[in-house]
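Written out below as structure tokens is the structure these notes cover.
Note that ligands are numbered from 1 as they come in the structure, with each ligand's atoms numbered from 1 the same way. All heavy atoms count here, side chains included; hydrogens, waters and symmetry mates do not. Model, not experiment: these values are computed from the prediction.
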Amino acid sequence: MSEAGKMWGGRFAGELDPFFAKFQKSLPIDRVLVFADLETNRAWASALGRASVLQPHDVTKVHAAIDDLATHVRAHGVPDDDDAEDVHSYVERELGKRCGDLAKRIHTGRSRNDQVATDLRIHLRDVGSELLAATVAVLANLVHQADQHAAAPMPGYTHMQRAQPITIGHWALAHVEALARDHARIKDALARMDVCPLGSGALAGTPLAVDREQLATALGFRSASQNSLDATAARDHACELLFAATMAMTNLSRMCEDLVFFASTEARFGRFGDRVSTGSSLMPQKRNPDAAELVRGNCGLVLGGLVALLTTMKGLPLAYNRDLQEDKSALLPALQRTIDCLRVAALAVDDFAFDTDRCAKEADRGFQNATDLADLLVSHGVAFRDAHELVGKAVDRAQVLGCELQDLPAAEQRRLLPQLHLDLSQALAANVILARRDVLGGTAPRRVREQVARWQQLVLAANRPATETHRR
Ligand code: ARG
């Protein structure tokens with residue numbers, strides 16, 4: 001390597017333009033791959049030993065240098081203003097200080113193209129595990145809320161208009177369903193990513209006698225890639241993981257929007273605690289739901305990363321092109337932001353205290369029992385269309401009188417709903433209405449409790465470390 005840390009100086013007499021030299025560096029963003037790059041170097045040095053390119057004692061020396069550099073980086077990190085062009089040049093130079101020319105020899109039969117493709121997959125595997133764990137934390141806290149409030153009534157909405165009562169637990173488990181699909185999507189993406197490109201060379205495969213399956217196993221991958229052009233050029237695994245993250249952010253933003261509304265002065269269904277709320281610098285009365293708003297607001301940045309990455313990929317010819325260096329600046333901050341947002345969302349869910357008295361009271365207001373009144377008429381022989389009409393008129397009248405359907409004066413009830421000779425305040429109470437939705441997936445407390453139990457098992461299982469792991 002030249003003094004300036006270049007890996008490719010041979011045919012170049014002049015220096016890079018200083019502005020371009022800085023512009024084309026990726027170290028500030030790819031230095032997070034340093035531990036993955038050290039692992040790749042370790043496995044490749046072993047493979048070179050087995051292919052008789054390096055002597056066994058040389059392999060030992062390289063491994064010792066890698067250990068030493070790993071210790072150094074753990075203590076001091078990789079400076080983002082280092083001269084090296086990228087993390088691979090940094091590692092080669094630093095290994096050179098520790099094992100001399102051997103650092104140059106380990107680049108035999110290898111390219112930064114298969115190296116960066118391998119490093120990125122190794123790194124994303126770790127990021128993916130963090131994403132999964134952070135998702136499970138939100139799930140666990142939602143399931144806990146559902147457990148606490150499995151039978152507690154609250155208003156349910158469509159079009160932001162009061163529609164029918166639901167239980168708070170049913171609301172919480174709705175977001176559990178969505179986030180659990182995100183969890184499954186992340187797992188799927190990680191499974192497809194579990195393929196090792198090392199040994200693909202720059203594009204055509206390495207000429208050395210390396211056992212690529214053995215390399216894959218040594219690096220903790222399920223298998224080795226089957227086509228060197230694809231292995232060095234593909235980034236759809238990165239797009240897929242980022243899509244899964246974007247979808248999770250989109251789902252989180254909807255959950256957060258619900259919570260912001262619940263905490264609003266208009267709804268007052270609950271409030272965020274001090275751990276996730278902030279005040280106003282001007283208005284002393286404010287308790288703002290900033291945690292939920294920030295998660296909702298970060299969705300755009302993550303989606304932006306996905307669009308940037310897909311756009312970079314579009315139309316790229318095979319195989320490696322330098323455009324691919326930009327994959328990491330779109331991908332890595334977006335994934336980190338998703339992890340951070342999941343952590344904040346877990347806190348926000350945990351710190352939200354429902355006002356169950358108010359929720360229950362409001363579940364009885366706003367004619368949310370109108371559908372059930374129509375159902376009652378149907379059970380007394382009225383056709384549903386006619387029942388719909390009768391109840392519509394009753395709602396109109398109740399609105400004029402300033403009361404709810406269940407509070408219509410007896411004379412009004414006789415006039416408007418002559419078919420019904422029963423106490424509406426009992427027949428239309430929220431708990432009665434809830435109990436009627438006793439169908440798979442319905443909001444009846446009995447069903448919600450069943451679902452809580454199912455999710456408690458699933459969250460427990462997701463928290464258990466996998467037993468048949470092929471990881472180191
Ligand atoms: N830093 C580059 C990247 O992240 C890897 C270097 C490959 N460079 C090259 N000219 N082939 O994609």
Side-chain angles (χ1 to χ4, degrees), residues 1-2 4-12 14-17 20-41 44 73 78-96 103-104 106-127 193 196-207 225 228-239 241-242 305 308-336:
M1 236 188 316
S2 72
K6 284 210 294 271
M7 294 172 119
W8 40 262
R11 66 165 298 188
F12 295 86
E15 287 301 320
L16 280 182
D17 173 88
F20 177 65
K22 204 159 175 232
F23 172 83
Q24 59 109 39
K25 274 179 65 160
S26 58
L27 189 73
I29 187 94
D30 68 18
R31 66 199 167 120
V32 297
L33 302 182
V34 65
F35 293 108
D37 200 66
L38 288 171
E39 286 315 301
T40 311
N41 272 289
W44 190 246
V73 173
V78 177
D80 69 348
D81 59 351
D82 189 282
D83 269 353
E85 176 181 313
D86 59 19
V87 68
H88 323 291
S89 324
Y90 170 84
V91 166
E92 186 170 319
R93 189 196 68 208
E94 290 300 305
L95 288 180
K104 296 184 191 167
I106 49 174
H107 208 58
T108 315
R110 183 181 72 181
S111 156
R112 278 181 297 166
N113 300 352
D114 59 347
Q115 202 175 345
V116 73
T118 308
D119 290 359
L120 187 60
R121 287 176 191 247
I122 291 174
H123 182 69
L124 289 181
R125 183 162 84 191
D126 294 342
V127 173
M193 194 184 298
C196 182
L198 199 59
S200 297
L203 74 162
T206 186
S225 58
S228 58
L229 282 180
D230 175 58
T232 48
R235 294 292 185 275
D236 49 80
H237 50 280
C239 299
L241 186 62
L242 186 48
L309 181 56
L310 286 169
T311 311
T312 295
M313 297 309 297
K314 187 205 167 289
L316 273 192
L318 295 189
Y320 181 87
N321 303 271
R322 192 68 183 277
D323 314 45
L324 288 175
Q325 178 166 295
E326 294 308 324
D327 60 355
K328 289 170 284 301
S329 32
L331 175 68
L332 299 180
L335 292 178
Q336 188 54 52

- Under the criterion side chain to side chain contact (heavy atoms under 4.5 Å, CB included), which of Glu92, Glu94, His88 is the partner of Tyr90? Glu94
- Task: Find out whether Val91 and Val34 are in side-chain contact, i.e. whether some heavy atom of one side chain is under 4.5 Å from a heavy atom of the other.
- Result: yes
- Task: Go through the side-chain N and O atoms of Thr40 and Asp119 and say whether any donor and acceptor fall under 3.5 Å apart.
- Result: yes
Check ligand 1 for close polar pairs with the protein: N or O on both sides, less than 3.5 Å.
residue: ligand 1; atom: 1 (N); partner: Ser26; partner atom: OG; Å: 3.3
residue: ligand 1; atom: 1 (N); partner: Asp86; partner atom: OD2; Å: 3.0
residue: ligand 1; atom: 1 (N); partner: Gln325; partner atom: OE1; Å: 2.9
residue: ligand 1; atom: 4 (O); partner: Lys328; partner atom: NZ; Å: 2.7
residue: ligand 1; atom: 11 (N); partner: Asn113; partner atom: OD1; Å: 2.9
residue: ligand 1; atom: 12 (O); partner: Tyr320; partner atom: OH; Å: 2.4

- Task: Determine, for Lys25 against Asp86, whether the closest basic-nitrogen to carboxylate-oxygen distance falls under 4.0 angstrom.
- Result: no
- Message: As a quick check of understanding, evaluate side chain to side chain donor-acceptor pair (under 3.5 Å) for Thr118 and Gln115, giving each step before the final call.
- Response: CA-CA 5 Å; Thr118 308; Gln115 202 175 345; over 6 Å; no
- Message: Taking salt bridge (Lys or Arg N to Asp or Glu O under 4.0 Å) as the definition, give me every residue that meets it alongside Arg235, ordered by chain and number, with sequence neighbours left out.
- Response: Asp327
